[in-house]
2 protein chains.
Amino acid sequence: MPAKRPPIPLSRERIIDAALEIADAQGLRRLTMRRLGDALQVEAMAIYHHVPGGKEALLDALAQHVTTVSVDPAGLPAWRDLAGAWCRAGRAALLAHPGVLALAMTKPPRGSAAAAIREQTQQLSDAGLADAPAAVRALRSYVFGSVAVELQQTGWADPRTEHVSGDPEGDAAFERGLSALLTGLAGS
Amino acid sequence: MPAKRPPIPLSRERIIDAALEIADAQGLRRLTMRRLGDALQVEAMAIYHHVPGGKEALLDALAQHVTTVSVDPAGLPAWRDLAGAWCRAGRAALLAHPGVLALAMTKPPRGSAAAAIREQTQQLSDAGLADAPAAVRALRSYVFGSVAVELQQTGWADPRTEHVSGDPEGDAAFERGLSALLTGLAGS
DNA sequence: ACCTGAACACCGTTCAAGT
DNA sequence: ACCTGAACACCGTTCAAGT
C-alpha cells in the first residue's frame, strides 16, 4: 500500500519563496494569505505561525529579499569597476522578481538590506572614492529607477505580459546611463 | 428655515483628488472604494458611475496624475538647463503625492504622461542633445529612483511619519546626483 | 442621469480547538 | 509545537431599484 508521504514542513523560507512566485506570476494584488496557503498546501492561518507579523511582515521580508546583494571587492581595485559591480548586482536582484519591485522601492531598507548599503559605502570609500555616501545614494537611485523604467517599458505591470529576463535593449540602456553617472561622479 | 444645500455633484476630478488625499495621509493599502465613498459623502457604488474601469482605472488615473508634467523651454536654450528643469518638475510632482509613488513607478506611462515624455524628448533633441531618447530614459530613471530613495530615507512608507515636503537635505542630494548624471550625459 | 441597498465572492486576522 | 475551523469585520463589484 502506498505510504502516506509526510508533507514538507512549513518554514519562513518556503513561505517567502512561494510568495515571490505568486507576486511575479500574478502580481502583488493577487498575493493573498489564502492563495499563499493554497500554494503551500496548508490553511492560510498556518502561515501566521511562521511569519509573526502577518502580511505586513511578509511584505517587508519580500522587499528585503530583493534588495539584499553582496559583491566581492577582490579583483576590483578601481572604485568605478566596484561601483559598476554593485549596480549590476542590485539590478539583477530586482529584475529577478519584478512582482515585488514596488515593495523594494517603497519599504525603507532594513536588516540585511541596510547592511548591504553600509557595506557598499565602506567598500567604495576604501577604494578611494571621496564622498561615498552621496555616491551610493545616487547609484541606488539610478538602479531603482532604471529597473522601474525598464519594467514599465517591457510592459510588465500587467502580469499577463511575458517578461524576458535577459532583455538586451534594457541591458544596453542601463549600461549607458550607468556609465554617464559614474563619469559624472568621478568629476565631482 | 435653513435651506438644504445641494450636495456638490460627484466628478472624476473630485474623486481623484479625494483618492490622492487618502493615499497620502493613510497609505495606498487603506485607499478603499468604501472609504473613498465616505470621504466624498456618497455610497462607494456611486464612484463606478464616474470612473468606468473601477478601482484599477482609478489607480491608473492616480499614476497618470503624478507623472504628468510640463516645462516651458523658453529661456532655457542650453539642453543641460532644460533637462534639469524637467527633472526638477518631475521630482516635485512625485514628492507632492508620496502615497502613490509605487503606482507611478509601476504603471506604464499612458495618455498625458506618455505625451509628456515625448515632449521632453523633442525639446532636448531640439536643444541639440545627441541621443535624446537614451538621455530621457536615464533622467527619468534617476528622478524616479531618487524620489523613492528620498522617501525611504525620510521614513515615509509608514504614513504615520510626518513628511517634510521641502526637505533641504533631499534637495541637495538630488542636485548632486543630477549634476553628475548631466555631466556624464554631456560626455557620451 | 445619477445614486442607493442588498447581495456575492472574496480579504486579513483572532481565537479556541484539535493532534 | 504546529495546524485547522469557525467567526468577524472588512473588501471590490454586480445588479435591480429608486429618484
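Given the structure is predicted, the values throughout are model-derived calculations rather than measurements. Below, chains carry the letters A, B, ... as their sequence lines are ordered, and counting in each starts from 1. Only heavy atoms go into these numbers, but all of them, side chains included; no hydrogens, no water, no symmetry mates.
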Task: Heavy-atom donor-acceptor pair, B:Arg30 side chain to B:Ala25 backbone, under 3.5 Å - done: no
- [ ] State which residues pass side chain to side chain contact (heavy atoms under 4.5 Å, CB included) with B:Gln122; sequence neighbours excluded, sorted by chain then number.
- [x] B:Asp126
Task: With A:Gln123 via side chain to side chain donor-acceptor pair (under 3.5 Å) - residues at least two apart - done: A:Trp86, A:Glu119
Open item on the list: Students should find this one: the first and last nucleotides of DNA chain D, 5' to 3', lying under 4.0 Å from a heavy atom of chain A. What are they?
Closed with: D:dC2 to D:dA7
Open item on the list: Tell me every residue that passes side chain to side chain contact (heavy atoms under 4.5 Å, CB included) with A:Ser125, counting only those two or more places apart in sequence or in another chain.
Closed with: A:Ala132
Open item on the list: Which residues pass the salt bridge (charged side-chain N to carboxylate O under 4.0 Å, His left out) test with B:Arg176, not counting sequence neighbours?
Closed with: none
Task: Strand contacts (DNA chain D) in residues 44-51 of chain B, 4.0 angstrom heavy-atom criterion - done: B:Met45, B:Tyr48
Task: salt bridge (charged side-chain N to carboxylate O under 4.0 Å, His left out) partners of residues 35-63 of chain A, not counting sequence neighbours, each pair once - done: A:Glu56-A:Lys107, A:Glu56-B:Arg29, A:Asp60-A:Lys107, A:Asp60-A:Arg110
- [ ] Can you tell me which residue pairs pass the ring-ring contact (aromatic ring centres under 6.0 Å, His included) test with a partner in residues 101-135 of chain A, sequence neighbours excluded?
- [x] none
Task: Check: A:Glu150 side chain, A:Asp171 main-chain N or O, donor-acceptor pair, under 3.5 Å - done: no
- [ ] May I ask you to say what A:Arg29 touches in the nucleic acid, namely base, sugar-phosphate or nothing, with a heavy-atom cut-off under 4.0 Å?
- [x] nothing
Task: Watson-Crick or G-U stems involving DNA chain C, each at least 3 pairs long, distances under 3.5 Å, ordered by first number - done: C:4-8 with D:12-16, C:12-16 with D:4-8
Open item on the list: Donor-acceptor pair, distance only, cut-off 3.5 Å: does the side chain of B:Gln120 make one with the backbone of B:Cys87?
Closed with: no
Pairs of donor and acceptor atoms involving the side chains of residues 47-54 of chain B, under 3.5 Å and at least two apart or interchain, shall be tabulated with distances.
none

Task: Check: B:Ser146/A:Arg137 side-chain N/O donor and acceptor closer than 3.5 Å - done: no
- [ ] Look at atom CD of A:Glu175 and say whether more than 12 heavy atoms of other residues, nucleotides or ligands are closer to it than 6.0 Å.
- [x] yes
Task: DNA chain D: 5'-proximal contact among A:Arg34 and B:Thr32 (nearest heavy atom) - done: A:Arg34
Task: Listed once per pair and sorted, the ring-ring contact (aromatic ring centres under 6.0 Å, His included) pairs that draw on residues 87-146 of chain A, sequence neighbours left out - done: A:His65-A:His97, A:Tyr142-A:Phe174
- [ ] Name every residue in residues 15-22 of chain A that has at least one heavy atom under 4.0 Å from any atom of DNA chain D, in order of residue number, or write none if there are no such residues.
- [x] none
